[in-house]
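Everything on this sheet refers to the single structure shown next.
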Amino acid sequence: KSSGEGNANGKIILMGEHSVVYGKPAIAFPFQPTHVTAEITDHIYDVLRSGYFVGPLAKAPKSLENIKTLIHQLRHDFSTPPVQITISSTIPAERGMGSSAAVAVAITRAFFDWQNLPLSHELLLTYVNYAEKISHGNPSGIDAAATAGDEPILFQKSAAFETFPINISGFLIVADTGVKGKTRQTVKAVAQRFEQDNKTTGHLINELGDLTLKAKKAILNNQAAYLGELMNAAQKNLAALQVSDQTLDNLIMVANQNGALGAKLTGGGKGGCMIALASDYSTAKKITTALTNQGAKATWIQELGVYQYA
Ligand code: PMV
């Protein structure tokens with residue numbers, strides 16, 4: 001084949017950010033309104049065409065080191081000629097939506113499509129986590145699994161991933177604060193709080209873990225209103241851990257005032273994105289309009305359980 005194509009979704013963490021660092025479970029969703037496509041064609045030398053950089057792969061900036069290394073590894077493992085890779089992405093970078101993992105998923109899929117080789121889910125995750133190690137140092141693997149799949153994931157450190165079906169009707173809203181997420185910084189701040197006062201901090205973390213497990217049951221039992229309450233409860237604990245901020249608090253308040261069943265930050269916090277749950281599409285639209293009026297830089301809506309492609 002002279003060309004190949006691959007896709008991947010964005011992702012959001014529904015419940016369990018920060019507490020997942022302490023061994024508690026987290027739930028992540030593939031988020032299809034944001035996605036990335038990679039196209040690979042033969043070329044005389046390795047070339048990258050993306051929103052951030054167009055030119056020889058060898059000259060790509062440090063921030064694209066993950067892509068560079070992944071391509072070199074794939075080309076080495078399969079002894080292929082040079083390639084031109086074209087990446088089109090609607091996933092905002094550095095907002096906790098899994099853009100780096102999604103790009104790696106799309107490239108790996110495009111490469112195997114180009115080579116006309118079968119690609120198992122396991123092998124896909126191996127290549128993606130290899131690239132993610134370069135982007136994030138010590139990735140949990142949750143981004144790779146969520147962006148490569150089409151089902152929610154229950155993730156717990158040192159345990160195998162568990163996927164489960166979405167059996168809940170509702171609409172998930174995501175809004176971008178327009179501010180880069182500060183995952184490294186907030187994870188460190190929570191660790192310091194834990195050292196200073198492990199009783200209070202530990203209690204908040206344990207509760208976040210319990211809320212995540214209850215959320216999984218709510219999803220399996222089609223209890224959207226209850227899931228909304230659990231999201232609100234999680235946000236209270238995340239705010240108590242001081243990983244929220246005024247911009248996030250304000251957007252969360254506006255979502256709730258406009259009919260959300262619940263709302264919370266998603267990912268590392270202090271910037272990045274917030275999420276909200278609505279029972280129907282017209283309420284979801286009303287919420288996104290209100291969020292945009294309050295300064296959200298971008299908003300998306302996804303009907304839960306309705307997926308276009310894996
Ligand atoms: O901001 P994101 O989507 O990379 O999520 C960070 C999630 C944390 O629990 C805060 C950190 C982690 O490594 O799990």
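Read the numbers this way: they start at 1 and go in the same order the structure lists the ligands and their atoms.
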For the [atom1] atom on [X], are there more than 12 heavy atoms of other groups (residues, nucleotides or ligands in this structure) within a distance under 6.0 Å?
{"X": "Phe164", "atom1": "CZ", "result": "yes"}
{"X": "His203", "atom1": "NE2", "result": "no"}
{"X": "Lys1", "atom1": "NZ", "result": "yes"}

Write none if no such pair exists; otherwise list each N/O atom of ligand 1 with its protein N/O partner under 3.5 Å and the distance.
residue: ligand 1; atom: 1 (O); partner: Thr183; partner atom: OG1; Å: 2.8
residue: ligand 1; atom: 1 (O); partner: Gly268; partner atom: N; Å: 3.0
residue: ligand 1; atom: 3 (O); partner: Lys11; partner atom: NZ; Å: 2.9
residue: ligand 1; atom: 3 (O); partner: Gly96; partner atom: O; Å: 3.2
residue: ligand 1; atom: 9 (O); partner: His18; partner atom: N; Å: 2.8

**For Asn250, side-chain hydrogen bond (donor to acceptor under 3.5 Å, both in side chains) partners two or more places apart** = Gln294
**Fill in**
Output for pair (Thr201 OG1, Gln242 CD), nearest 0.5 Å, gives 9.5 Å
**Complete:** Rounding to 0.5 Å, atoms OH (Tyr281) and OG1 (Thr288) come to a distance of 7.0 Å
